[in-house]
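What you see is a predicted model; the values in this text were computed from it and never measured.
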Amino acid sequence: MPFAADTKALVAAGKVENNVYSNPHAGFLLRLPRPPCDAKLNTQVDLNRGYAVLLDCQHVVQGWRGMYTLTIFTDSWANYPTLTSAEQYVRSLRHMGEKDPALKTVESETPQHFAGLEFSQTILSNKIPAGAYYEGLSCTHFRAYALCFKAEASTVESVRALVNLQGTLEIQKTEPGKHP
């Protein structure tokens, strides 16, 4: 299990305080959206693969309009030796999602720049009996990880706002795994 120790340290380091998720092991923090969501840490962890859902943050309201979900996940970049960019990683996830006939691409991979990092972003629509909702994904190759922010909301604009990390994502200047 080459990723086990790092993944354990990664999930152990994450915390939410004052509507901010921080992870000093990975070296970043994210100001969470308003209205606040119900934040759950480490909802999925695969030590063998080096994959972890670090944060699953849901804002639930009566009915499904106005609801949102924001998820932060990491995936060990070493799992993808042929990939050379976050755009390829996002494209592969989009193609996997498109195998579901209910999912349709709204926006293909779009380059974005947040906190000094290059991200690739995509948005899909998902048909459900009550209508449609949208899923957005914004990922970067960050240190040893694919670092991704996934959003689900009832409108494309809401999804874009959630995965627009400008001013909400901060990269810590310390070395990975070293606490300030």
Side-chain angles (χ1 to χ4, degrees), residues 1-11 13-14 21-23 25-30 32-33 41-57 68-126 133-153 156 158-172 175-177:
M1 294 194 301
F3 310 115
D6 185 54
T7 304
K8 282 180 184 177
L10 186 65
V11 299
Y21 173 83
S22 63
N23 193 309
H25 181 78
F28 74 92
L29 64 85
L30 180 74
L32 299 177
L41 298 173
N42 310 320
T43 57
Q44 278 186 325
V45 178
D46 183 340
L47 296 177
N48 292 323
R49 192 172 141 220
Y51 175 87
V53 173
L54 301 175
L55 177 75
D56 189 17
C57 195
Y68 72 82
T69 300
L70 178 65
T71 303
I72 303 171
F73 69 90
T74 59
D75 197 355
S76 176
W77 197 260
N79 286 325
Y80 308 95
T82 61
L83 294 183
T84 59
S85 69
E87 179 183 6
Q88 290 176 326
Y89 181 81
V90 170
R91 184 179 303 117
S92 69
L93 292 177
R94 179 176 58 83
H95 286 308
M96 283 190 315
E98 288 174 332
K99 290 178 182 177
D100 180 341
L103 288 172
K104 302 291 181 216
T105 300
V106 173
E107 183 179 287
S108 292
E109 296 73 40
T110 305
Q112 299 289 339
H113 187 83
F114 307 117
L117 299 172
E118 297 302 321
F119 282 80
S120 184
Q121 190 171 299
T122 190
I123 298 176
L124 303 169
S125 66
N126 194 346
Y133 71 95
Y134 299 89
E135 299 179 20
L137 184 66
S138 190
C139 298
T140 190
H141 180 183
F142 179 64
R143 300 186 173 144
Y145 314 105
L147 173 62
C148 298
F149 301 86
K150 179 182 175 195
E152 296 177 352
V156 170
S158 295
V159 166
R160 273 197 190 108
L162 289 164
V163 293
N164 177 357
L165 306 170
Q166 194 65 43
T168 62
L169 177 66
E170 290 183 19
I171 303 303
Q172 297 169 339
E175 290 295 313

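- Contact record, Val159 with Glu135: CG1-C, 3.9 Å, taken as the closest heavy-atom pair.
- Partners of Tyr51 by ring pair (Phe, Tyr, Trp, His ring centres under 6.0 Å), not counting sequence neighbours, listed by chain and number: Phe73.
- Looking at Leu70 and Leu30, their side chains come closer than 4.5 Å, going by heavy atoms from C-beta outward.
- At least one side-chain heavy atom of Leu55 sits under 4.5 Å from a side-chain heavy atom of Leu41.
- Under the salt bridge (charged side-chain N to carboxylate O under 4.0 Å, His left out) criterion, Asp75 pairs with Arg49, sequence neighbours left out.
- Applying the salt bridge (charged side-chain N to carboxylate O under 4.0 Å, His left out) test to Glu107 and every residue at least two apart in sequence or in another chain returns Arg160.
- Between Tyr80 and Ser92 there is no side-chain heavy-atom pair separated by less than 4.5 Å.
- Gln112 has its side chain within reach of Thr110: a pair of non-hydrogen atoms, C-beta onward, lies under 4.5 Å apart.
- Taking each heavy atom of Val106 and Ser125 in turn, the nearest pair found is CG2-N, 3.7 Å.
- One distance of note links CG of Leu124 with CD of Glu152; it measures 10.5 Å at 0.5 Å rounding.
- Contact record, Ser85 with Trp77: O-CH2, 3.5 Å, taken as the closest heavy-atom pair.
- No side-chain heavy atom of Tyr21 sits less than 4.5 Å from a side-chain heavy atom of Cys57.
- In this structure, Leu147 and Ile72 approach most closely via the heavy-atom pair CD1-CG2, 4.1 Å.
- Distance check, rounded to the nearest 0.5 Å: CG of Leu162 to OG of Ser138 gives 11.5 Å.
- With sequence neighbours left out, Phe149 forms a ring pair (Phe, Tyr, Trp, His ring centres under 6.0 Å) with no residue at all.
- Of all heavy-atom pairs spanning Ala115 and Ile171, the tightest one is O-CG1, 3.6 Å.
- Glu109 meets the salt bridge (charged side-chain N to carboxylate O under 4.0 Å, His left out) test with Arg91, Arg94; sequence neighbours excluded.
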- Between His25 and Asp6, does a side chain to side chain contact (heavy atoms under 4.5 Å, CB included) hold up when you go through it step by step? CA-CA 9 Å; His25 181 78; Asp6 185 54; 2.6 Å; yes

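- Taking the side chain as every heavy atom from C-beta outward, Phe28 and Leu165 never approach each other to under 4.5 Å.
- Partners of Ala78 according to the side-chain contact (heavy atoms from CB on, under 4.5 Å) rule, which considers only residues two or more places apart in sequence or in another chain, are Phe3, Ser76.
- Listed by chain and residue number, Thr155 satisfy the side-chain hydrogen bond (donor to acceptor under 3.5 Å, both in side chains) test with Ser158 (two or more places apart in sequence, or in another chain).
- Checked against side-chain hydrogen bond (donor to acceptor under 3.5 Å, both in side chains), Thr71 has the following partners two or more places apart in sequence or in another chain: Asp56.
- Applying the side-chain hydrogen bond (donor to acceptor under 3.5 Å, both in side chains) rule to Thr82 yields no partners; only residues at least two apart in sequence or on another chain are considered.
- Tyr145 meets the ring pair (Phe, Tyr, Trp, His ring centres under 6.0 Å) test with no other residue; sequence neighbours excluded.
- Residues passing the side-chain contact (heavy atoms from CB on, under 4.5 Å) test with Leu29, sequence neighbours excluded: Val20, Ser22, Arg31, Glu170, Gln172.
- Scanning both residues, Leu10 and Ala26, for their nearest heavy atoms gives CD1-CB, 3.5 Å.
- Annotation: ring pair (Phe, Tyr, Trp, His ring centres under 6.0 Å) contacts of Phe142 (sequence neighbours excluded): none.
- Within the 4.5 Å cutoff, the side chain of Glu98 has no heavy atoms near those of the Leu103 side chain.
- Without hydrogens or angle criteria, Asn42 side chain to Ala52 main chain gives no donor-acceptor distance under 3.5 Å.
- To the nearest 0.5 Å, the span separating CD on Glu87 from OG on Ser120 amounts to 5.0 Å.
- Between the side chain of His141 and the backbone N or O of Arg143, at least one donor-acceptor pair lies under 3.5 Å.
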